[in-house]
Amino acid sequence: MIKISDHTIKDPVGIHARPAGKLVTLLKPYKSKVTLLCGNNQIDAKSLLAMMKTGIKCGDVASFVIDGEDEEAVNVALAEFLEMNF
C-alpha cells in the first residue's frame, strides 16, 4: 500500500468535471484500488460520479491511497497527474 499524503488542490475551481474525468481515465487501466481521502470523504478515485460528489475546492487537502499489484506504476502516474492538473 502506498499513500500520497496532503496534496493541496491548486485548481481555482477545485475538482471539477474535466480534470476528474482525466484522472478517472488515467486510473481505469490499472488493477490497483485507488481511494481519495478529503475531509470526511473516502471515495473510489476511479469513479467519476463519486469524484464529482465530493465538492473538493481549491485549497482543500487530499490524500490518495493506492493498494494493489501495480501500485508502484499508479503512484508514478498519479503523482505526475496531480502536479499538472490538481
Side-chain angles (χ1 to χ4, degrees):
M1 180 175 1
I2 298 173
K3 184 172 183 180
I4 297 176
S5 297
D6 302 333
H7 176 79
T8 302
I9 304 301
K10 298 175 208 106
D11 189 307
V13 290
I15 295 182
H16 56 93
R18 190 176 320 126
K22 287 181 183 179
L23 178 59
V24 169
T25 300
L26 172 79
L27 297 175
K28 281 288 186 188
Y30 295 103
K31 294 180 180 180
S32 292
K33 179 179 178 181
V34 183
T35 304
L36 168 63
L37 310 166
C38 186
N40 292 330
N41 295 309
Q42 181 174 337
I43 58 117
D44 177 3
K46 292 183 179 183
S47 168
L48 181 59
L49 185 57
M51 293 282 289
M52 297 306 301
K53 284 183 172 183
T54 62
I56 296 173
K57 299 180 226 62
C58 182
D60 286 350
V61 178
S63 298
F64 291 83
V65 177
I66 308 161
D67 190 23
E69 63 187 73
D70 55 0
E71 61 191 24
E72 291 291 338
V74 175
N75 184 44
V76 170
L78 182 56
E80 183 178 303
F81 179 87
L82 291 174
E83 284 304 312
M84 296 178 66
N85 294 280
F86 288 155

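Just so it is clear, the model here is predicted, and its values are computed rather than measured. These numbers come from the heavy atoms of this one structure, side chains and all, not from hydrogens, waters or symmetry mates.
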Considering all heavy atoms, the nearest C58-P12 contact | CB-O, 3.7 Å
E71 side-chain N/O to G68 backbone N/O, donor-acceptor pair under 3.5 Å = yes
CD1 of I15 to NZ of K53, rounded to nearest 0.5 Å, is 15.5 Å
Any L23 side-chain heavy atom under 4.5 Å of N85 side chain | no
Of all heavy-atom pairs between P19 and F81, which one has the smallest distance, and what is that distance?
-> O-CZ, 3.4 Å
Can you name the nearest heavy-atom pair linking H7 to F86, along with the distance?
-> NE2-O, 3.2 Å
T35, V34, L37, V74 screened by side-chain contact (heavy atoms from CB on, under 4.5 Å) with F64, the one that passes = V34
Separation between CG of L26 and CG of L82, rounded to the nearest 0.5 Å = 9.0 Å
Any idea which heavy atoms bring G21 and L48 closest together, and the distance?
-> N-CD1, 3.6 Å
Closest non-hydrogen atoms of A50 and T54, given as atom of the first, atom of the second and distance, are O-CG2, 3.3 Å
Any donor-acceptor pair under 3.5 Å linking the side chain of S63 with the backbone of S5?
-> no
Output the distance between atom CG (D70) and atom CG (N75), rounded to the nearest 0.5 Å.
-> 11.0 Å
To the nearest 0.5 Å, atom CG of D67 lies from atom NZ of K3 at 13.0 Å
Joint hydrophobic cluster, M51 plus V65, side-chain heavy atoms closer than 4.5 Å | no
First locate atom CE of M1, then atom CD1 of I66, and finally report the distance between them rounded to the nearest 0.5 Å.
-> 11.0 Å
Is V61 close to C38 at the side-chain level, that is, under 4.5 Å between some pair of heavy atoms?
-> no
Could you grab the distance from atom CG of L36 to atom NZ of K46, nearest 0.5 Å is fine?
-> 14.0 Å
Distance-minimising heavy-atom pair for A20 and M52 = CB-SD, 3.9 Å
NZ of K10: more than 12 outside heavy atoms within 6.0 angstrom?
-> yes
Is there side-chain contact between R18 and H16, with heavy atoms separated by less than 4.5 Å?
-> yes
